[in-house]
Structure formats: structure tokens, C-alpha cells
Number of protein chains: 2
Amino acid sequence: MTAPAKRPGRRPGTADTRGQILDAARAEFASRGYERATVRGIARVAGVDSALVHHYFGSKEQVFLAALDFPVNPAMVQDVAAGDPAGIGERLARFVVSLWESPPTRERLLAVVRSVTSNEEMAALVRGFARPRLVVPLAARIGGADAEARVEMALAQIIGLAMARYVIRMEPVASVGAEELVALLAPALQRLLGPAVDAV
Amino acid sequence: MTAPAKRPGRRPGTADTRGQILDAARAEFASRGYERATVRGIARVAGVDSALVHHYFGSKEQVFLAALDFPVNPAMVQDVAAGDPAGIGERLARFVVSLWESPPTRERLLAVVRSVTSNEEMAALVRGFARPRLVVPLAARIGGADAEARVEMALAQIIGLAMARYVIRMEPVASVGAEELVALLAPALQRLLGPAVDAV
DNA sequence: GGCGAAATTCATCATGCGATGAGTTTCGCG
DNA sequence: CGCGAAACTCATCGCATGATGAATTTCGCC
């Protein structure tokens, strides 16, 4: 009645076990970060022996990389950058919030955020991704002397919001709905990225 | 010439060994985060047997807490909140940058940031600190309907900047000087916390 | 229907960790 | 100067981890 007496050897039928392992890995890495997640834990969640994880992926690090499989392609960033500069904050906010509110993407992003703080390789990976793929294109689009720095401030706003909402879970931002989130983020981003407003 | 042949037993003279252990712990926790830092590593840096760390502090967690000893007192926040609302962004930016540019404080903050992502207890600690000590007082001061949410966006901007600059080390913000940092941060914070400007 | 390849588990290793208890040396009070 | 307490190391335990290699079962092709 309980455990179906798991015997060694191939299981009958066709199940996407590899996929289940990846799902389990994503969940574990997202909720614990790279260091704290364990191959055995992933195997347990996937309902599988830990050696099978090694069989498919070789090492913990490779499971991690396979589980990430990053879902932001350059065209999306182009779509955000193009169009009316007066709406760039809103478009970027909507894009970011939609990424975070989609569970599979959120898991990947959380895994990255949770791992980047204690893993220099992860930091290097993010660094190598962010600058050419996000900072430079967006900065080119908005123009101005300190364009890159302003784009990075916008990125910082986004990263920090993710930390506050999903990692630290600070109230009230942890609980507001997606639409209110956009309403909060959009103006902040707009002021960083939009045409000069000469405020202060 | 090499190692002075360390024997067991109390060492002659008076050395602040406990303090050295705390320094080593701060350095280790700051650069690796809670999970990755090890009691043995701390002991090695302090030039001491790992059992001595346990002798003084009992457990790894208690070393961590002792190494933190948080240096932000409520009066500082009051100083930032008080005064001309038109200057609150600048005052807060200067305060934050001065914290991060002071090495001992930076180590403590980095330890927190590096640990909060993979340690729910740490997250709870930050949550319990941020809301009553920072969010509520500042929100009360600036007023308005969504004051708390706006304060948290400002906090998010600060947290995210710390991540970008010190953890991920994204260029250019990783390398700009303190004064330029203030110049970048101040307007962003001002727009979040200052009197309504009705932009967008 | 046989056979190689793929899928799966089992048993096991070496390593590094946090922690503990016992032993040794020095300090400082009386 | 004696003696208890404090500072310090050593040896060791038990545990969890990542990893490996051999054994077992099923699949799918010829």
C-alpha cells in the first residue's frame, strides 16, 4: 500500500524521468540555493535514487546548469527597448513582473538569485549575461552620458524588489498583486530610464 | 621560522583571541555567506584550533550572530527622516553609502546579504528588523497612501544596488566612487520618498 | 526471440563538516 | 607560592554529502 517496493532495473512503460529530475532540481535550487540543495534531496523529490541523477547529469553543477536553461532571449529585450521612450518604464515593468509571476520562470530566477550570493561562478555568469544582453542594449537605446549606470540602477531596482518580495518576503510588497506591482515598479523604472525630467 | 610549533595550553601574554576569531568570522561570513563559511575555516584564518571557536561561542550559529552585532541604531534613521523632505533622498543616500564604504560595516552587511538568500532564519531576522525599524518610521514620516510600499521600493533600490555593486560586481557601478554612487542613488530615492512630483 | 543499449538501484568510498570531552599550559587571586 | 579558573589543543565521533562501479531489469531493433 505504501511504497511500491522499488526494485533495481529499468521501470516498465515510458516516463520522462529525466524531466522529473529537472523539475525537482529546479524546485530544490529555487528554494534553497545551490549550496544548500543536495543531490540526494533532488533525487528524493523526483522519487528516484540519487545515483540516477549522476547518471543523467554527471555532477551537481551540471544538474544546476541544466535546470536553469535560461528563458530570456534577446528579442524580448529589443521589444522592451523599442517603442515610445515615454512608455519604457511601463513596458519593462510589465515584462519583469510577467517573468516573475510565471512559476517555471520564477523558479529559475529564484535559483539564480539564491545562488549568486555565495557562488562566485554564478556571479560571473550573471555578470557575463547582464552586461552584453541587458545593460549595453538598453543603454544604447536610451542614450545619455551615464546611460549604463542608469540602466544598472534600474536593474538594481528590479533585483532588489525580487529580494524584498520573494526572498525576504517583506510586507507589504510580498503580498501585493501583480498589477499593483507593475504600478509600483513602472514609475521608478521610467524615471531611471526615460527621457530627462529634470526633477529633484 | 615557519610555524612556531603550537603546543596545547594557554598562550603566554594577553592577546584578544576572541576578538581575532570574531574578525575572522566576519571576513569568512562576508565573503562566503553562512552556509559556505566553515568553523574550521574561521579557525584557520584566526590562527586557532577550531575547538576554540566552539569554546567561545558554542555553535556556528552563535559565532555568526556574535560577528554581526548590528551597527544601525534607530537614532540614525531618525536623523535621516527628520529635516527638509526635499533632501531626504540625498540624506538617505549619503547614509547608506557611508555604511557600505566603511569596511567593518560592509563586512557585516555583506554577511547578511550573502546569507539571507539561503537561510530562512536570516530572512526572518531581516524581516523583523526592516519593518519596525526602517519601513514604519520612514513611512510615517513621508506619509501618503502607499507610503510603506514606496519606502520598500526605496529599500529595494538600496538592496539591489548592493547586490549589483558588491556581490555581482557589475560594471560600471562596481567601480564608481562613493560620491558618484551618492549622485546615482539620491535622485532615485528622492523620487520614491520625496513629496509627490506627479511625473510619468 | 535474442541481444545490446538504456534505465534504474544498491552498496560503498572518501571527504569535510559541526561538535564534544579530555588533556595541557598559563594567568591571577589570595 | 599554591591553586582554581581560563585559554588552548588533540583526538575523535557521527553524520551528510558528492561521487563511482557493479548489478539488475526493461526496451526496442533486427
Side-chain angles (χ1 to χ4, degrees), chain A residues 2-25 28-29 31-67 111 114-115 118-119 121-122, chain B residues 2-25 28-29 31-67 111 114-115 118-119 121-122:
Chain A
T2 50
K6 199 161 288 182
R7 290 156 33 250
R10 184 169 189 155
R11 287 201 285 261
T14 349
D16 179 19
T17 311
R18 198 190 128 104
Q20 286 172 244
I21 292 175
L22 280 180
D23 287 348
E28 288 293 286
F29 285 126
S31 76
R32 304 175 195 246
Y34 184 80
E35 326 294 341
R36 242 188 184 190
T38 70
V39 173
R40 289 158 139 98
I42 292 168
R44 190 169 351 103
V45 170
V48 138
D49 189 279
S50 83
L52 192 58
V53 178
H54 279 101
H55 171 67
Y56 277 121
F57 300 98
S59 73
K60 178 182 178 180
E61 188 172 344
Q62 285 171 283
V63 190
F64 184 66
L65 293 177
R114 284 215 147 95
S115 306
S118 58
N119 197 310
E121 291 176 51
M122 243 303 101
Chain B
T2 49
K6 198 162 290 183
R7 290 157 33 249
R10 184 167 187 158
R11 288 201 284 263
T14 349
D16 179 19
T17 310
R18 199 190 129 104
Q20 286 172 243
I21 292 176
L22 280 180
D23 287 348
E28 288 293 287
F29 285 127
S31 77
R32 304 175 194 246
Y34 184 80
E35 326 293 340
R36 239 186 187 192
T38 71
V39 173
R40 288 157 141 98
I42 293 168
R44 191 170 349 103
V45 171
V48 136
D49 189 279
S50 81
L52 191 58
V53 178
H54 279 101
H55 171 67
Y56 278 122
F57 300 98
S59 73
K60 178 181 179 182
E61 188 172 344
Q62 285 171 282
V63 189
F64 184 67
L65 293 177
R114 284 214 146 98
S115 306
S118 58
N119 197 309
E121 292 176 50
M122 243 304 99

Please report, rounded to the nearest Å, how far the [atom2] atom of [N] is from the [atom1] atom of [X].
| X | N | atom1 | atom2 | value |
| --- | --- | --- | --- | --- |
| L52(A) | dA23(D) | CG | P | 19 Å |
| R36(A) | dA16(D) | CZ | P | 14 Å |
| R44(B) | dC17(C) | CZ | P | 8 Å |
| F29(A) | dG18(D) | CZ | C1' | 12 Å |
| H54(A) | dA19(D) | NE2 | C1' | 5 Å |
| I21(A) | dA7(C) | CD1 | C1' | 10 Å |

In Å and rounded to the nearest 0.5 Å, what is the CD1 to CZ distance from I42(A) to R40(A)?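 Answer rounded to 0.5 Å: 12.0 Å.
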Can you tell me how far CG of D16(B) sits from CD1 of I21(B), rounded to the nearest 0.5 angstrom?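 I21(B) atom CD1 to D16(B) atom CG measures 9.5 Å (nearest 0.5 Å).
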Quick one: list whatever passes side-chain contact (heavy atoms from CB on, under 4.5 Å) with N119(B), sequence neighbours left out.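 So N119(B) forms a side-chain contact (heavy atoms from CB on, under 4.5 Å) with R36(A), Y34(B), E35(B), E121(B), M122(B).
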Find which nucleotide of DNA chain C each of V48(A) and V39(B) is nearest to by heavy atoms, and output the residue with the more 5' nucleotide.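 The answer here is V48(A).
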Begin from the C-alpha positions of F29(B) and K60(B) and carry the test side chain to side chain contact (heavy atoms under 4.5 Å, CB included) through to its verdict. CA-CA 11 Å; F29(B) 285 127; K60(B) 178 181 179 182; 4.2 Å; yes
For nucleotides 11-14 of chain C, which of its nitrogen or oxygen atoms have a protein nitrogen or oxygen under 3.5 Å away, and what is each distance?
none

Where do A25(A) and A67(A) come nearest, in terms of heavy atoms and distance?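 Minimum heavy-atom contact is CB-CB, 4.1 Å.
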Is any side-chain heavy atom of Q20(A) less than 4.5 Å from a side-chain heavy atom of V48(A)?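 No, side chains not in contact.
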Do F57(A) and L22(A) touch side chain to side chain, with heavy atoms closer than 4.5 Å?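 They are in side-chain contact.
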Taking only side-chain N and O atoms of T17(B), does any of them lie within less than 4.0 angstrom of OP1 or OP2 on dC8(D)?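 Yes.
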With a non-hydrogen cut-off below 4.0 angstrom, is A15(A) in contact with a base, only sugar-phosphate, or nothing?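 If one applies the 4.0 Å heavy-atom cut-off, A15(A) turns out to touch nothing in the nucleic acid.
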Touch check for A43(B), heavy atoms < 4.0 angstrom, all strands: base, sugar-phosphate only, or nothing?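 Nothing, no nucleic acid heavy atom in range.
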Expected output is a numbered-order residue list: members of residues 55-65 of chain B with a heavy atom under 4.0 Å from any atom of DNA chain D. What is it?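 The answer is Y56(B).
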